[in-house]
Amino acid sequence: MISVIVPLRNEAALVREAVEALRAQAGDFELLLADGGSTDGTLEIAQALPGVRCVRSAPGRGVQMNAAAAVARGSVFLFLHVDTRLEPGALLALERAVAAGLQAGAFTHRFDHPDWRLRLVSWGHNLSCRIGRIYYGDHGIFVTRELFERVGGFPEVPVLEDVMFCERLRRHARGRLLAPVATTGARRFLQLGVWRTTARGLWILAQHRLGRVPDGRGFREEVR
């Protein structure tokens, strides 16, 4: 069984739609919503939805995803952002890949907006993922339970928990980008500017590569 884990914080406008989209997927899976202290009614909405399990934790995607993984029942974990939608059949494709021996990976990425600049950013992300096997959270990162526990889960840091987690993964397994598409909301890029948001993300990544600890201020919390 796949445990689909969705971290939430002040996402009242999206949580119901996210759950409905996942319910439409075929396959054997459970759905866990990990709330990091929402103040806009997100948790109350989530708790009223049938067929989901809600987990409370301190804020921070790494913290929230680790908390949900600790109580998950599946043999495979899929970590999915609330504004990411999987194309039909994606979970069945994941089941087949894991049955064939794949231990980790993600889905092919695209944005939900036709702006050519966003298509270019997405193309660059997919190329980078295929070459470096470092996957971003909006691709939908998956990993077997055994490997997740072996690497110690997500680092509980303010930003880049996805990158640091995948750096741990590739020391132990060769991941792969699956063909099914994960379509992610472009709200951050549209509100803050495509090039500005891209440059900010690259700067944070560069700080990490230089051995510094980026705090990610101004990168996540200002967009809802």
Side-chain angles (χ1 to χ4, degrees), residues 4-22 33-36 38 40 42 59-62 64-65 78-87 90 105-142 154 157-167 177-210 212-224:
V4 182
I5 295 171
V6 182
L8 303 171
R9 189 162 185 265
N10 294 334
E11 297 287 6
L14 288 177
V15 60
R16 190 184 306 275
E17 177 190 335
V19 169
E20 289 175 355
L22 281 165
L33 305 179
D35 187 79
S38 294
D40 68 342
T42 295
R61 277 186 180 149
Q64 293 165 233
M65 293 187 291
L78 168 60
F79 301 95
L80 202 65
H81 289 182
V82 69
D83 62 346
T84 298
R85 304 288 176 261
L86 298 176
E87 75 170 270
F107 294 99
T108 301
H109 177 268
R110 76 178 172 203
F111 287 106
D112 65 353
H113 193 278
D115 190 304
W116 69 268
R117 296 168 299 174
L118 292 172
R119 292 199 301 270
L120 180 61
V121 170
S122 188
W123 177 85
H125 282 180
N126 289 327
L127 179 63
S128 175
C129 288
R130 289 188 176 97
I131 295 172
R133 302 194 308 280
I134 297 294
Y135 310 111
Y136 303 108
D138 52 8
H139 284 249
I141 298 171
F142 60 84
F154 282 92
V157 293
V159 70
L160 293 187
E161 76 289 329
D162 47 2
V163 171
M164 297 181 192
F165 178 63
C166 290
E167 288 173 344
L177 205 62
L178 299 184
V181 172
T183 301
T184 299
R187 54 184 174 166
R188 178 176 312 284
F189 287 82
L190 296 176
Q191 290 185 37
L192 302 183
V194 174
W195 299 137
R196 179 186 175 198
T197 305
T198 301
R200 191 178 292 184
L202 290 173
W203 170 242
I204 291 173
L205 188 59
Q207 288 180 288
H208 171 61
R209 299 295 186 220
L210 292 171
R212 299 171 185 169
V213 182
D215 59 19
R217 282 183 295 183
F219 187 70
R220 270 190 184 158
E221 299 306 321
E222 61 194 43
V223 174
R224 288 288 171 223

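One-based numbering along the sequence shown.
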Colleague: Applying salt bridge (charged side-chain N to carboxylate O under 4.0 Å, His left out), which residue pairs with at least one partner in residues 119-139 are found, sequence neighbours left out?
Modeller: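 Counting only pairs at least two positions apart or across chains, no salt bridge (charged side-chain N to carboxylate O under 4.0 Å, His left out) contact touches residues 119-139.
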Colleague: Write down the atom of Val82, the atom of Pro7, and the distance for their closest heavy-atom approach.
Modeller: CB-O, 4.5 Å
Colleague: Can you find a pair of side-chain heavy atoms, one from Val15 and one from Val6, that are under 4.5 Å apart?
Modeller: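 With C-beta onward as the side chain, the pair stays apart.
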Colleague: Are the side chains of Val163 and Arg209 in contact, using a 4.5 Å heavy-atom criterion?
Modeller: yes
Colleague: Residues in salt bridge (Lys or Arg N to Asp or Glu O under 4.0 Å) with Asp112, at least two apart?
Modeller: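 For Asp112, no residue satisfies salt bridge (Lys or Arg N to Asp or Glu O under 4.0 Å) once neighbours in sequence are set aside.
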Colleague: Can you tell me if Gln64 uses its side chain to pair, donor with acceptor, with the backbone of Leu8 under 3.5 Å?
Modeller: yes
Colleague: Among residues at least two apart in sequence or on other chains, which ones pass side-chain hydrogen bond (donor to acceptor under 3.5 Å, both in side chains) with Arg85?
Modeller: Glu17
Colleague: Find out whether Thr42 and Arg9 are in side-chain contact, i.e. whether some heavy atom of one side chain is under 4.5 Å from a heavy atom of the other.
Modeller: no
Colleague: Starting at CD1 of Ile131, measure out to CG of Leu177 and round the result to the nearest 0.5 Å.
Modeller: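 Ile131 atom CD1 to Leu177 atom CG measures 11.5 Å (nearest 0.5 Å).
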Colleague: According to salt bridge (Lys or Arg N to Asp or Glu O under 4.0 Å), who are the partners of Glu87, at least two apart in sequence or on a separate chain?
Modeller: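 Not a single residue meets the salt bridge (Lys or Arg N to Asp or Glu O under 4.0 Å) criterion with Glu87.
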Colleague: For Trp195, I'd like to know if atom CH2 has over 12 heavy atoms of other residues, nucleotides or ligands within 6.0 Å.
Modeller: yes
Colleague: Any non-hydrogen side-chain atom of Phe107 less than 4.5 Å from a side-chain atom of Leu80?
Modeller: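 The answer is no; the side chains never approach within 4.5 Å.
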Colleague: With sequence neighbours left out, what residues match Thr84 under side-chain hydrogen bond (donor to acceptor under 3.5 Å, both in side chains)?
Modeller: Thr184
Colleague: Measure across Glu161 and Gly62 and return the closest heavy-atom pair with its distance rounded to 0.1 Å.
Modeller: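 In this case the closest contact between Glu161 and Gly62 is CG-N, 3.9 Å.
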Colleague: Can you measure from CG (Asn126) to OG1 (Thr108) and round to the nearest 0.5 angstrom?
Modeller: 5.5 Å
Colleague: Is there a side-chain contact between Val121 and Thr197 in this structure, where contact means two heavy atoms from C-beta onward sitting under 4.5 Å apart?
Modeller: no
Colleague: First locate atom CG of Leu192, then atom CZ of Arg200, and finally report the distance between them rounded to the nearest 0.5 Å.
Modeller: 5.5 Å
Colleague: With under 30° as parallel and over 60° as perpendicular, where do the rings of Phe111 and His125 fit, or are they tilted in between?
Modeller: tilted
Colleague: Ignoring hydrogens, what is the shortest heavy-atom contact between Gly36 and Pro59? Give both atom names and the distance.
Modeller: O-CB, 3.3 Å
Colleague: With a 4.5 Å heavy-atom cut-off, do Leu78 and Leu86 have their side chains touching?
Modeller: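 Yes; the side chains approach each other to less than 4.5 Å.
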Colleague: Applying ring-ring contact (aromatic ring centres under 6.0 Å, His included), name anything that partners His139, two or more places apart in sequence or on another chain.
Modeller: His109
Colleague: Give, for atom CE of Met65 and atom CZ of Phe154, the distance between the pair rounded to the nearest 0.5 Å.
Modeller: 4.0 Å
Colleague: Could you pull out the closest heavy-atom pair between Leu205 and Tyr136, with the gap in Å?
Modeller: CD2-OH, 4.1 Å
Colleague: Does Thr198 have any side-chain hydrogen bond (donor to acceptor under 3.5 Å, both in side chains) partners at least two apart in sequence or in another chain, and if so, which?
Modeller: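 With neighbours one apart ignored, the set is empty.
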Colleague: How long is the straight-line distance from CG of Asp83 back to CZ of Arg188, given to the nearest 0.5 Å?
Modeller: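 One gets 9.0 Å once the value is rounded to the nearest 0.5 Å.
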Colleague: Just jot down the side-chain hydrogen bond (donor to acceptor under 3.5 Å, both in side chains) partners of Asp35, sequence neighbours excluded, or say none.
Modeller: Ser38
Colleague: Salt bridge (Lys or Arg N to Asp or Glu O under 4.0 Å) with Arg117: which residues, sequence neighbours excluded?
Modeller: Asp115
Colleague: Only counting residues at least two apart or in another chain, list the ones meeting ring-ring contact (aromatic ring centres under 6.0 Å, His included) with Tyr135.
Modeller: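 For Tyr135, no residue satisfies ring-ring contact (aromatic ring centres under 6.0 Å, His included) once neighbours in sequence are set aside.
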Colleague: How long is the gap from NE2 on His81 to CD1 on Ile141, to the nearest 0.5 Å?
Modeller: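 The CD1 atom of Ile141 is 7.0 Å from NE2 of His81, to the nearest 0.5 Å.
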